[in-house]
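This report refers to the structure that appears directly beneath it.
Indexing begins at 1, ligand by ligand and atom by atom, following the structure's order. Treat the numbers as computed from the prediction; the structure is a model and nothing was measured.
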Amino acid sequence: MNQDNNIILINLDGFRKDKIDLCPTLKLLKEDSYYFPNMFTVAPYTFAALPAVFSGMYPSRNGSNAYYNMFKFRSDEITTLAQLMKQGGYYSCCDIIDDSVVPRSGFDEYNIYDEENVNFLERHKEIIERLSKKEKFFLFLQNTETHKHLVRDIVQKYGPNKDDAEYYKSKNENHERYNSYLPLCDNYISCILNALNEFGISQNTILIFFADHGTSCGEKIGEKFYGVFVYDYTINVFCIIHIPKQSSKIIHQQCSTIDLFPTISELANVPIQNESITIQGKSLLSFINNSETDDREVFVETGGLYGPWPSPEKHNVFCIRNEGKKLIYNDTPGTWEFYNLENDPNENNNIYNPNSIEIRIFKDKLVNHFKENNIKTNLTPKL
Ligand SMILES: [Zn+2]
């Protein structure tokens with residue numbers, strides 16, 4: 001891999017995978033890139049999802065493991081993606097909504113925008129122009145355009161104390177509303193691609209787009225936005241890796257957002273050193289070069305700010321997803337759900353049965369994951 005490539009990592013905050021094909025530029029880019037449609041976020045809300053990306057670790061290992069723990073990232077002990085890139089000689093820069101989403105360490109430039117007034121097209125084009133003069137750079141951009149509109153149109157309209165029954169009854173309308181934001185997103189993708197061409201760096205810049213979580217359109221009562229449950233419409237995200245002069249491929253294997261860190265490390269040719277806290281993600285390049293063919297097991301956790309069991313101090317909803325099946329454990333009411341996603345992709349038919357041997361195997365894996373990551377639940381009280 002050419003080690004002189006710049007790397008631009010862009011988070012399309014809350015962007016649903018099923019909307020990609022409605023965005024012509026994003027769709028074309030996807031078709032001309034390595035596309036991972038079965039990537040899963042390890043936590044379906046930004047304040048836990050992005051620290052996981054930047055550490056390559058599940059939330060409880062990196063410390064950002066609840067809404068109220070967003071500042072508990074273990075910065076003293078963990079080498080972040082930005083630090084690694086800086087060690088590799090990359091000029092490292094970000095533009096983000098808030099200083100809680102990505103740790104400051106390792107960034108030469110740490111920019112924060114005002115979501116209310118930001119023009120992402122102008123602002124990010126200007127950053128790319130400036131960085132194009134550097135020898136090589138790593139740039140992380142967060143685009144919260146969709147999030148901004150959702151807050152205005154959903155959260156403020158159907159707040160916690162307002163009647164939201166109408167919201168869940170209006171799925172088509174909710175989808176149409178979401179679709180109305182898509183041209184803004186697609187223009188942004190065009191703007192980034194044009195900027196790379198205009199500033200002469202399209203042939204030496206690796207471009208990675210991903211979503212940190214999806215967003216509800218009213219699929220399940222209790223979740224208007226995201227972060228409450230662990231159903232696929234918020235946890236099944238995607239990743240598009242565009243490498244100049246390389247071919248395209250759809251990679252169907254299941255993988256996770258914590259895999260982005262080691263992938264970028266490998267693309268940049270900056271190896272991860274032996275750390276005191278080991279990272280948990282694995283490079284995605286082994287799928288690209290066909291040396292790996294099986295799905296990777298993924299674990300997802302969350303604790304909502306609202307919904308039936310709000311738990312902003314501690315995650316209380318968990319799942320393991322493997323072999324087209326999913327076991328969900330809701331720690332607060334102490335309930336279980338099991339879905340066969342191949343014939344029930346919308347997770348409507350809970351087939352949990354405590355006597356099933358298959359389900360017991362899933363349970364054992366989930367409990368082991370709790371132990372390995374020091375996650376305290378009612379199942380593992382002694383940890
Ligand atoms: Zn987000």
Worksheet item: Phe238 ring centre to Lys17 NZ or CZ under 6.0 Å, with the angle to the axis within 45°?
Response: no

Fill in: N, O or S of Thr46 under 2.8 Å from the Zn ion (ligand 1)
yes

Worksheet item: Around Lys148, counting heavy atoms of other residues, nucleotides and ligands shown, do more than 12 lie under 6.0 Å from its NZ?
Response: yes

Discussion item. How about NZ on Lys249, more than 12 heavy atoms from neighbouring residues, nucleotides or ligands closer than 6.0 Å, or not?
Written reply: yes

Worksheet entry | Heteroatom N/O/S of His147 within less than 2.8 Å of the Zn ion (ligand 1) | no

Worksheet item: Taking the six-membered ring for Trp, are Tyr113 and Phe120 parallel (under 30°), tilted (30 to 60°) or perpendicular (over 60°)?
Response: perpendicular

Worksheet, complete the sentence: The NE2(His213)-the Zn ion (ligand 1)-OD1(Asp13) angle, to 10°, is 110°

